[in-house]
Amino acid sequence: MDSIDRKIIQILREDARKPVTLIAEILGLSRLTVQKRIKALEEQDVIRGYTIRTGTGYESEKFRAHVLVEVKSNLNQGLLGFLKSFPEITTIHSLAGRFDANIMLEAESSEGLDEVLAQILQHPEVITTETCILLSTKLDRQVISV
């Protein structure tokens, strides 16, 4: 991946629907060159997919929280499988430090968050959790992870 590929990715992160002809014009390349590069990035699993980013109109209707999780041994496949079974869990990151994982939860209500947290705490590998409920987003450059 070179600087041109990185520029293509940045442009698509800002607007995944931007036409290839416009990307080519911005970069001073031919449409065919940009198409080939995008196809190569998809085949290399650098670009995994295209999606929408929701705005405040959608986000304000959700209760969101980061949950720091401390586990007994490590974030093993059994625990990951258990966590992945909750549709309310949108991301799971492994961590270095006191906690082993950071989980992002989204629920329709505070009660929904509470129910998922209670189930997570019941897992035999989980020692403790610390929850931070998100109030508002001040900056979001988040894109779909590759």
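Because the structure is a prediction, the values reported are computed rather than measured.
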Could you tell me which residues satisfy side chain to side chain donor-acceptor pair (under 3.5 Å) with [X], sequence neighbours excluded, listed by chain and number?
{"X": "Thr90", "answer": "none"}
{"X": "Glu111", "answer": "Ser109"}
{"X": "Ser85", "answer": "none"}

Which side-chain N or O atoms in residues 112-121 pair as donor and acceptor under 3.5 Å with protein atoms at least two apart or in another chain?
none

Report yes or no: do [X] and [Y] belong to one cluster of Ile/Leu/Val/Met/Phe/Trp/Tyr joined by side chain heavy-atom distances under 4.5 Å?
{"X": "Val20", "Y": "Leu27", "result": "yes"}
{"X": "Ile26", "Y": "Ile47", "result": "yes"}
{"X": "Phe99", "Y": "Ile133", "result": "no"}

Do any pairs count as a side-chain hydrogen bond (donor to acceptor under 3.5 Å, both in side chains) and have a residue in residues 18-30, sequence neighbours left out, and if so which ones?
Ser30-Thr33
Rounded distance (nearest 0.5 Å) linking atom [atom1] of [X] with atom [atom2] of [Y]:
{"X": "Leu29", "Y": "Ile8", "atom1": "CG", "atom2": "CD1", "answer": "7.0 Å"}
{"X": "Phe63", "Y": "Glu106", "atom1": "CZ", "atom2": "CD", "answer": "12.5 Å"}
{"X": "Ile92", "Y": "Leu83", "atom1": "CD1", "atom2": "CG", "answer": "4.5 Å"}

Strictly by salt bridge (charged side-chain N to carboxylate O under 4.0 Å, His left out), give each pair with a member in residues 26-42 just once, sequence neighbours left out.
Asp2-Arg37, Asp5-Arg37, Lys39-Glu43
Please list, one pair per line, the donor and acceptor atoms closer than 3.5 Å that link side chains of residues 67-77 to other protein atoms, with sequence neighbours excluded.
from, atom 1, to, atom 2, distance (Å)
Lys72, NZ, Pro124, O, 2.9
Ser73, OG, Glu125, OE1, 3.1
Asn74, OD1, Asn76, N, 3.4
Asn76, OD1, Gly78, N, 3.1
Asn76, OD1, Leu79, N, 2.8

Report yes if the side chains of Leu95 and Asp100 come closer than 4.5 Å at any heavy-atom pair, otherwise no.
no
Are any of the side-chain heavy atoms of Tyr50 and Leu12 separated by less than 4.5 Å?
yes
Selection [range] - residue pairs positive for ring-ring contact (aromatic ring centres under 6.0 Å, His included), sequence neighbours left out:
{"range": "residues 21-45", "answer": "none"}
{"range": "residues 6-45", "answer": "none"}
{"range": "residues 105-130", "answer": "Phe82-His123"}

Taking atom types as modelled, find out whether His66 and Asn102 have a side-chain donor-acceptor pair closer than 3.5 angstrom.
yes
The test is side-chain contact (heavy atoms from CB on, under 4.5 Å); show your working for Leu41 and Met1 and say whether it passes.
CA-CA 8 Å; Leu41 291 168; Met1 190 164 58; 4.1 Å; yes
Hydrophobic cluster (4.5 angstrom, side-chain heavy atoms) - remaining members for Leu134
Met104
